Structures are given as C-alpha cells and as structure tokens.
Visitor: 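First the structure, then my questions, so here it is.
Note: hydrogens, waters and symmetry copies are ignored here, and every other heavy atom, side chains too, is used. This one's a predicted model, so the numbers in the text were calculated from it and none came from an experiment. Throughout, numbering of the chain's residues begins at 1 and tracks the sequence.
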Amino acid sequence: MPKTIPKLADPATIQEAANLLRQGRLVAFPTETVYGLGADASNPEAVNKIFSAKGRPADHPLIVHIADPIQLSDWAVDIPEAAYQLAKQFWPGPLALILNKKPSVPLAVTGGQNTVAVRIPQHPVALQLLQSFGGGVAAPSANRYCRISPTTAQHVLEELGDAVDFILDGGACAVGVESTIIDLSGTQPRLLRPGHIRYPQIEAILNTPVKLPEMTTNDSESAASTLRAPGMMALHYAPETKALLCSADELSARIKTLQATTQHIGLLCYQSSINANSKLTIITLPAQADAYAQGLYAALRQLDELKLDLLLIECPPDNEAWRAVNDRLHKATARY
Ligand code: TXA
Ligand code: MG
C-alpha cells in the first residue's frame with residue numbers, strides 16, 4: 001500500500017475516543033481509505049446520530065468496522081468460507097464484505113436490509129480505536145450526504161464541524177478512495193463498489209468469477225443511465241461546482257471554446273501539457289492509478305473551494321487499474 005505512514009495515537013486519546021463511543025457519541029477516525037464517522041454499531045440511538053450528522057437518508061446501510069475476523073460471527077450468520085479466505089488475504093485492508101446479518105444487528109445499521117457490511121480497516125489509529133472499544137463501529141465516510149469523502153482530519157472538520165464529538169487525526173489517508181465492496185450473500189460473489197483491491201485479486205483467492213456491475217466504460221450516457229438504477233447513488237462524491245469529464249485529445253479545444261463564454265475553469269489532469277493562465281487553474285495528479293486515487297478527493301475539494309465556473313476532468317484510461325477512480329469520477333460528474 002502507498003505512502004503516508006500514520007503515527008499511532010497516544011493511548012489516553014484512544015481511551016477517550018473509545019469512551020465516547022461507549023456513551024453513544026460520534027467519533028471520526030482515519031482509515032486507510034477515507035475518514036469514517038463512527039458510532040457504536042450495537043446502539044441504534046448512536047447510529048441514528050450518524051444519519052442526522054450527515055443528512056443521510058435512513059435507508060442507506062453503513063459498514064460495521066471490527067478489529068478481528070473472530071468478531072464476524074457477532075454481526076453475520078451463514079458466513080461462507082469465502083469470507084474467511086478473503087479476510088485472511090486482505091484484512092486489515094480496504095475491503096468490505098456483505099454477509100447475511102445476525103438478527104441482533106440493529107436495522108438502523110443495515111438500512112433495513114437483512115445483510116450487513118463488515119470490514120477491518122488497516123490504519124493503525126483505526127485499529128487502536130477498534131481494539132480499545134472492543135465492539136463494532138458503524139462508520140460511513142465522514143462527509144455530509146452526497147459530498148466528497150474526507151481524506152484528512154481537516155476535511156472532516158470542514159464537513160461536519162460540531163456535529164462530531166471527537167476527531168482522531170491520523171494524517172492523510174493512504175488509499176484515498178472508499179473500500180472495495182464484495183457481496184458474499186448470494187450464490188456468486190458480486191462487486192458492488194470498486195476500490196484499491198481489484199476484482200481479479202478476489203477471483204484469484206476465491207478461484208471463482210466475480211459478477212461485475214454493468215458500468216465499465218467511459219461513456220457518460222451509459223454511466224448515467226446505470227447510475228439511475230435503484231440503489232445506486234448518482235450524486236455521491238460530487239463537488240458543488242459543475243464538473244465534466246473530457247477525453248485527453250479534446251481537452252485543448254474544449255478549454256478554448258469554453259473560455260470564450262466561461263469565466264474561470266478548473267482542470268484536473270494527470271498527463272496533459274496544458275498551461276495554466278489567469279482563467280485556468282490546473283491540478284495535475286500522478287499518472288499512476290493508485291497514486292492518482294490517493295490525491296483525488298483532496299484535489300476535487302481544493303478546486304471546488306475556488307468556486308470556479310466549471311471543472312474539467314481529464315478522462316483517465318479505461319482499464320482495470322483505473323476502475324475505482326473512473327467509478328468515482330463518473331459519480332462526481334453524473335448530474336451533468
Ligand atoms: O472505505 C470505506 O468503506 C469507508 C471507511 C470509513 O471505512 N466507508 C464508507 O462508507 O465508504 P459509506 O457509508 O460512505 O459507504 C458504504 C457503502 C454504501 O455504498 C452502502 O450502500 C454499502 O456500503 N453497503 C453497506 N451495507 C450494505 C449492504 N448490506 N448491502 C449493500 N450495500 C451495502
Ligand atoms: Mg460515503
């Protein structure tokens with residue numbers, strides 16, 4: 001996994017955060033993917049606070065974070081061998097598994113569904129917190145509903161302010177996009193959300209094909225229509241500024257045409273040799289998919305804060321390495 005080696009939090013701080021969780025309060029914490037907004041997953045009242053703090057509809061299920069695969073049986077039933085195989089290979093790590101829920105799991109956590117999402121995060125501060133707390137921590141990304149996920153403690157503060165009781169700072173997240181979600185509740189494993197762990201890695205461990213979501217292209221129309229399907233949120237991860245994807249070869253021409261009518265454009269690119277000017281602000285991310293993913297949300301946030309008239313995003317390559325990034329970019333631009 002890339003870069004940033006986060007520091008451990010001191011034990012007293014972790015104790016304080018774990019005590020707040022026990023009291024039903026909200027604690028934001030770093031994971032290797034994005035920052036999470038945590039509450040005691042066994043306490044429906046605490047879990048409801050997550051929904052109010054985020055402004056998130058109650059039927060959106062949360063991921064339960066645990067410290068050890070032994071705890072899987074506290075949350076799930078009929079756990080297939082595949083879950084333990086994936087846990088052994090990828091946990092702690094950026095992978096969430098959907099399993100049949102145990103009857104005792106509050107419906108507030110699962111959005112009323114009879115399945116539950118579980119993962120062991122890899123960030124040392126998250127693991128310290130989970131070990132100290134001892135139970136499961138329900139945590140969505142620590143952003144307001146439909147906004148860009150936070151990858152630093154400062155982002156969490158900007159998003160949630162006083163709505164969160166405590167923020168553990170573990171530096172910038174190393175992965176930068178949300179975990180891969182694999183549904184193991186049916187007959188065939190299904191990829192629900194692409195992430196740092198790619199589906200061929202899952203297939204290699206399970207020795208069975210993984211069913212993929214339909215959206216695999218850079219074609220924004222087919223992406224938008226897939227994303228309107230029930231259960232898929234088209235407006236996730238979106239900046240407030242109007243954002244459009246643009247293929248690399250069309251960028252120059254597009255910028256010229258747009259600048260005739262638009263005042264100030266932001267460009268998020270990874271390879272283009274276009275120069276910035278007084279009406280064009282550019283952020284260039286690395287041309288390698290994992291490194292790009294790590295910087296993506298901070299870059300979108302930074303461009304969004306400039307309140308420009310339009311953000312153009314250079315289309316990344318349409319291949320497996322870029323699947324998670326392309327998924328998030330399609331969602332960030334889906335409303336246009
Ligand atoms: O990387 C991550 O997973 C981060 C960190 C904080 O762990 N968390 C995160 O949570 O991204 P959130 O709530 O922003 O996204 C959770 C996703 C949602 O798309 C939700 O629909 C899906 O997990 N999910 C949770 N439980 C599910 C279930 N029972 N069935 C299907 N999807 C589920
Ligand atoms: Mg989220």
Visitor: How about Asn207: does its CG atom have over 12 heavy atoms from other parts shown lying under 6.0 Å from it?
Guide: no
Visitor: Between Lys54 and His60, is there a side-chain heavy-atom distance shorter than 4.5 Å?
Guide: no
Visitor: Looking only at heavy atoms, what is the nearest atom pair of Ala28 and Val156, with distance?
Guide: CB-CG1, 3.7 Å
Visitor: Return yes if some donor-acceptor pair links the side-chain N/O of Gln294 with the main-chain N/O of Gly176 below 3.5 Å, else return no.
Guide: no
Visitor: Could you check whether any side-chain N or O of Gln263 sits under 3.5 Å from a backbone N or O of Asp309, counting only pairs where one atom can act as donor and the other as acceptor?
Guide: no
Visitor: Ion pair present between Asp78 and Lys101, side-chain N to carboxylate O less than 4.0 angstrom?
Guide: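 Here Asp78 does not pair with Lys101 in a salt bridge, since their nearest N and O are not under 4.0 Å apart.
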Visitor: Quick one: does Asp304's side chain have a donor or acceptor within less than 3.5 Å of a partner on Leu300's backbone?
Guide: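 Side chain of Asp304 to backbone of Leu300: no pair is present.
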Visitor: Return the CD to CG distance between Glu240 and Leu308, rounded to the nearest 0.5 Å.
Guide: 12.5 Å
Visitor: Is Lys49 salt-bridged to Asp165, going by a charged N under 4.0 Å from an acidic O?
Guide: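 No, Lys49 and Asp165 are not salt-bridged.
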Visitor: Could you check whether any side-chain heavy atom of Leu86 comes within less than 4.5 Å of a side-chain heavy atom of Leu97, counting everything from C-beta outward?
Guide: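 In short, these two side chains touch, coming nearer than 4.5 Å.
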Visitor: Under 3.5 Å, side chain of Gln71 to main-chain N/O of Ala67, donor-acceptor pair present?
Guide: yes
Visitor: Are Thr180 and Pro94 side-chain neighbours, meaning at least one heavy-atom pair lies under 4.5 Å?
Guide: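 Sidechains of Pro94 and Thr180: no contact.
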Visitor: Once rounded to the nearest 0.5 Å, what's the spacing between atom CG of Leu306 and atom OG1 of Thr241?
Guide: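 Here the interatomic distance stands at 8.0 Å.
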Visitor: Do other residues, nucleotides or ligands put more than 12 heavy atoms under 6.0 Å from Gln23 CD?
Guide: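 More than 12 within 6.0 Å, yes.
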Visitor: Using side-chain contact (heavy atoms from CB on, under 4.5 Å) as the criterion, point out the one residue from Thr257, Ile255, Thr261 that pairs with Gln259.
Guide: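 That would be Ile255; it is the only one of Thr257, Ile255, Thr261 passing the side-chain contact (heavy atoms from CB on, under 4.5 Å) with Gln259.
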Visitor: Using ring centroids (six-membered ring only for Trp), state whether Trp91 and Tyr84 fall under 6.0 Å.
Guide: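 No, the ring of Tyr84 stays outside the 6.0 Å limit from the ring of Trp91, centre to centre.
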Visitor: Examine the side chains of Thr33 and Arg119 and answer whether a donor and an acceptor come within less than 3.5 Å of each other.
Guide: yes
Visitor: Just by distance, do the side chain of Lys102 and the backbone of Ser73 share a donor-acceptor pair under 3.5 Å?
Guide: yes
Visitor: What's the spacing between Leu26 CG and Asp40 CG if we round to 0.5 Å?
Guide: 11.0 Å
Visitor: Would a distance-only check, ignoring hydrogens and angles, find a side-chain to backbone donor-acceptor pair under 3.5 Å from Arg254 to Asp249?
Guide: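 Such a contact is absent between Arg254 side chain and Asp249 backbone.
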Visitor: What distance separates Glu32 CD from Cys173 SG, expressed to the nearest 0.5 Å?
Guide: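 One finds 8.0 Å between CD of Glu32 and SG of Cys173.
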Visitor: Show the nearest heavy-atom pair for residues Ala138 and Val47, with the distance to one decimal.
Guide: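 Closest heavy-atom pair between Ala138 and Val47: CB-CG2, 4.4 Å.
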Visitor: Go through it in stages, so that I can follow the logic: the residues are Ile205 and Gln201, the test is side chain to side chain contact (heavy atoms under 4.5 Å, CB included), and I'd like the CA-CA distance, side-chain angles, deciding distance and then a yes or no.
Guide: CA-CA 6 Å; Ile205 298 299; Gln201 296 173 265; 5.8 Å; no
Visitor: Over all heavy atoms of both residues, which pair between Ala321 and Ala289 is shortest? Give the atoms and the distance, please.
Guide: O-CB, 3.3 Å
Visitor: Working to the nearest 0.5 Å, report the span between OG1 of Thr333 and CG of Leu311.
Guide: 10.5 Å
Visitor: Counting distance only, does the side-chain N/O of Glu159 pair as donor-acceptor with the main-chain N or O of Ala142 below 3.5 Å?
Guide: no
Visitor: In terms of hydrophobic clusters joined by side-chain contacts under 4.5 Å, are Val77 and Val109 together?
Guide: no
Visitor: Hey, does Arg56 have a side-chain heavy atom less than 4.5 Å from the side chain of Leu62?
Guide: yes
Visitor: For Asp162, does the CG atom have more than 12 heavy-atom neighbours from other residues, nucleotides or ligands under 6.0 Å away?
Guide: no
Visitor: Which atom names give the shortest non-hydrogen contact between Ser141 and Asn143, and what distance separates them?
Guide: OG-OD1, 2.6 Å
Visitor: State whether the side chain of His65 and the backbone N or O of Val137 hold a donor-acceptor pair below 3.5 Å, judged by distance alone.
Guide: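 Such a contact is found between His65 side chain and Val137 backbone.
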Visitor: Leu107, Ile63: one ILVMFWY side-chain cluster at the under-4.5 Å cut-off?
Guide: no
Visitor: Determine whether a donor-acceptor pair (N or O, by modelled atom type, separation under 3.5 Å) exists between the side chain of Arg193 and the backbone of Ser179.
Guide: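 At least one qualifying donor-acceptor pair exists.
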Visitor: Using only atom types and a distance under 3.5 Å, with no angle test, would you say the side chain of Arg301 pairs donor to acceptor with the backbone of Ile148?
Guide: yes
Visitor: Quick check for you: to the nearest 0.5 Å, what is the distance between Asn43 atom CG and Leu21 atom CG?
Guide: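 One finds 10.0 Å between CG of Asn43 and CG of Leu21.
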Visitor: Nearest heavy-atom pair of Leu168 and Tyr35: which atoms, and what distance?
Guide: O-CE2, 3.3 Å
Visitor: Side chains of Glu178 and Ser149: do they bring a donor and an acceptor to under 3.5 Å?
Guide: yes
Visitor: Counting C-beta onward and ignoring hydrogens, is there a side-chain heavy-atom pair between Val64 and Thr110 closer than 4.5 Å?
Guide: no
Visitor: Can you confirm whether Ile181 sits close enough to Ile98 that some side-chain heavy atom of one is under 4.5 Å from a side-chain heavy atom of the other?
Guide: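 Yes. Closest side-chain heavy atoms under 4.5 Å.
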Visitor: Using a cut-off of 6.0 Å, state whether more than 12 heavy atoms not belonging to Lys211 lie near its atom NZ.
Guide: no
Visitor: Report yes or no: do Tyr292 and Ile283 belong to one cluster of Ile/Leu/Val/Met/Phe/Trp/Tyr joined by side chain heavy-atom distances under 4.5 Å?
Guide: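 Cluster IDs for Tyr292 and Ile283 match.
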Visitor: If you apply the rule side-chain hydrogen bond (donor to acceptor under 3.5 Å, both in side chains), what do you find for Asn326 with Arg323, and how did you get there?
Guide: CA-CA 5 Å; Asn326 281 323; Arg323 182 187 287 267; over 6 Å; no
Visitor: Decide if atom CZ of Arg198 counts as having more than 12 heavy atoms of other residues, nucleotides or ligands within a radius under 6.0 Å.
Guide: yes
Visitor: Any side-chain heavy atom of Thr281 within less than 4.5 Å of one from Leu303?
Guide: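 Heavy-atom side-chain distance check passes, below 4.5 Å.
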Visitor: Is the centre of the Phe29 ring less than 6.0 Å from the centre of the His123 ring?
Guide: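 For Phe29 and His123, the ring centres are not under 6.0 Å apart.
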Visitor: Could you go through Asp290 and Val175, starting from their C-alpha distance and side-chain angles, then the distance that decides it, and tell me whether this counts as side chain to side chain contact (heavy atoms under 4.5 Å, CB included)?
Guide: CA-CA 7 Å; Asp290 288 338; Val175 171; over 6 Å; no
Visitor: Hey, does Leu280 have a side-chain heavy atom less than 4.5 Å from the side chain of Ile282?
Guide: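 They are in side-chain contact.
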Visitor: Go through the steps to decide whether Leu296 and Leu329 satisfy the test side chain to side chain contact (heavy atoms under 4.5 Å, CB included), and finish with yes or no.
Guide: CA-CA 9 Å; Leu296 173 60; Leu329 291 180; 3.9 Å; yes
Visitor: Of the non-hydrogen atoms in Ala126 and Pro30, which two are nearest, and what is the gap between them?
Guide: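 Ala126 and Pro30 have their closest heavy atoms at CB-O, 3.2 Å.
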